[in-house]
Amino acid sequence: MVKSLGFCKKALLLPALLLLVVPGYLAAQVPQLFYKPIPGTKPRNIIFILSDDHRYDFMGFTGKVPGLKTPNLDRLANEGAHLQNAFVTTALCSPSRASILTGQFAHTHTVVDNETAAPKGLVFFPQYMQKAGYQTGFFGKWHMGGGEGEPRPGFNRWVSFNGQGTYYNCRLNIDGKVVNYPDTAYITDILTDLSLDWLKQRDKNKPFFLYLSHKAVHADFKAAKRDAGRYKDVEIQYPVSMFTTATDKSKQYTRGKRADGSMYTFNTEDIPQWVRAQRYSWHGVDYMYHGQTDFDQFYIDYLETLQGIDTSVGRVLKYLEENGLNKETLVVYMGDNGFAFGEHGLIDKRQAYEESMRVPMLARCPGLIKPGTKVGQMILNVDIGPTFLELAGVNKPAQMQGVSFLPLLKGRQVPWRSQFCYEYYWESNFPQTPTQFAIRTDQYKFIRSQGIWDINQLYDIKKDPYEVNNLVRKPEYQQLIQKLNIELFKWLEETDGLQIPLKPVLERKKDHIYRGTW
């Protein structure tokens, strides 16, 4: 493993050092941006398209969902690279988005839940791109703290909204001015329209960076009217582990097709109790969103809402072709976290299971990436910033904990990480998922649940990709578990993550069991 992939405490001291050496820092609380340019680099145009809650395998070319068609996402994969093992280090909207923007883990940037605003002085990678001469535009979901989606540092053009936003009747903040859209306008289309308008009006003598950050496909799913009903007859796919936590009182699911699990070993005794209990909760298949929706319709609505994302990608690619930018512009598509569709009896994300922490990632740039490239190494959300900065001719800033995967896109074999660590911090709004720490290698995953009386988990994800055989009690794995446990806490210690960034709880409980209590 190369040294740049390690974790350096000195990098995390940068903000503190700036307090001592940069005049006016305390007053402005915005650090001076110092960076080292990469000599001889020709800045490349970059478009980053981020979707919300798009799981890693729900794309046409994967074959996961029979009948699902995503021709434009498929095109990115076929004409560029499919990063097959892309992950987030926290599977939750705001922490993941903050990790993308900062190149830092959640316990470092401290945006550990969906209510927390980015602390003042936090530096986002587009700020460096601006300093390097890029014109930058942000369009869509920011989702760190409240307000009306006010402009944030690093962007010349700003379009956003408060919180999750809405699919229709949108209220956008455009460069500080609030603009209301009618119920005939669809958010995915609006954001794409405004992004393309900005590209048309840009200064053609400067490189550009476009950050198109969609609301879709976040629940409550609503498709564009043109896509409504497209998948009403699709065959629902029930995953291998959906019924491992079912009881006599559980809902019956008969419309879809149950996956064949006959080739796997199931250890139902060692399913954590919090997983069993969550089946009948906001994020469980027996009481989804407290009974407000049905799993089968939920599945269909998700597929239909995803079509708007695919259309958006197609429109961006068409613009590049029509304006002579097709060959040399890098387009990267990514999801901000994964999404469970019945695995372990759960929906949504947060947990350290594969469907939650894995994300789709595609990259296309004919002048840089060979068609049909497959990248099998583990890529993380914290790697996005360092990669884009390298393309912009900017050396990775010291505080960033990710690493550029540009060499992998070029097809070069370089030393790479053999494991990574995952963190999720308990939220008062969704108390059914405990704090999670995990370490994942190419073959094994060890999951610790913090602060509850329950069993931990070890999975051989090569033999057991659906994580149904918890090996944590097996004598033959005890030495491995000890090693992984040591490595997990070593990561936390070396990255100053041994203190959980506790945030205030200011509201009564909202869950269906203890609602209204403190």
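Computed from a prediction, not measured in an experiment: that's the story for all the values here.
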* To do: Would you check if there is a donor-acceptor pair between the side chains of R97 and S213 at a distance under 3.5 Å?
  => yes
* Asked: Does the side chain of T433 pick up a donor-acceptor pair with the side chain of H283 at under 3.5 Å?
  -> no
* **N85 side-chain N/O to Q377 backbone N/O, donor-acceptor pair under 3.5 Å** => no
* Under 3.5 Å, is there a donor-acceptor pair linking the side chains of Q104 and S99? -> no
* Does a side chain donor of either Q457 or Y353 reach within less than 3.5 Å of an acceptor in the other side chain? -> yes
* Asked: Among all residues two or more places apart in sequence or in another chain, which pass the side chain to side chain contact (heavy atoms under 4.5 Å, CB included) test with Y477?
  -> Y444, L458, L471, K474, L480, I481
* For D464, what residues pass the side chain to side chain contact (heavy atoms under 4.5 Å, CB included) criterion, not counting sequence neighbours? -> Y459, V468, N469
* Asked: Checking D57 side chain against K64 main chain: does a donor-acceptor pair fall under 3.5 Å?
  -> no
* Asked: How would you list, by chain and number, every residue that makes a side chain to side chain donor-acceptor pair (under 3.5 Å) with S96, sequence neighbours excluded?
  -> N381
* **For E115, all residues meeting salt bridge (charged side-chain N to carboxylate O under 4.0 Å, His left out), sequence neighbours excluded** => none
* Sub-3.5 Å donor-acceptor pair from the side chain of N395 to the main-chain atoms of K36, do we have one? -> yes
* For F87, is the NZ or CZ atom of R440 found under 6.0 angstrom from the centre of its six-membered ring and inside 45 degrees of the ring axis? -> no
* Asked: Taking H109 for the side chain and V111 for the main chain, is one N or O donor matched with an acceptor at less than 3.5 Å?
  -> yes
* Any donor-acceptor N/O pair, T435 side chain to W426 backbone, under 3.5 Å -> yes
* Asked: Has K215 got its NZ or CZ under 6.0 Å from the middle of the six-membered ring of Y167, at an angle within 45 degrees of the ring axis?
  -> yes
* Any donor-acceptor pair under 3.5 Å linking the side chain of N173 with the backbone of S160? -> no
* Selection residues 499-508 - residue pairs positive for side chain to side chain donor-acceptor pair (under 3.5 Å), sequence neighbours left out -> E507-K510
* For T108 and Q401, does a side-chain donor sit closer than 3.5 Å to a side-chain acceptor? -> yes
* Hey, is the main chain of G154 close enough, under 3.5 Å, to the side chain of T136 for a donor-acceptor pair? -> yes
* Residues two or more places apart in sequence or in another chain: which of them pass side chain to side chain donor-acceptor pair (under 3.5 Å) with N456? -> none
* Hey, does the side chain of T387 reach the backbone of F405 with a donor-acceptor pair shorter than 3.5 angstrom? -> yes
* Nearest 0.5 Å, what's the SG-CG distance between C93 and N114? -> 5.0 Å
* Side chain of T441, backbone of Q419: donor and acceptor closer than 3.5 Å? -> no
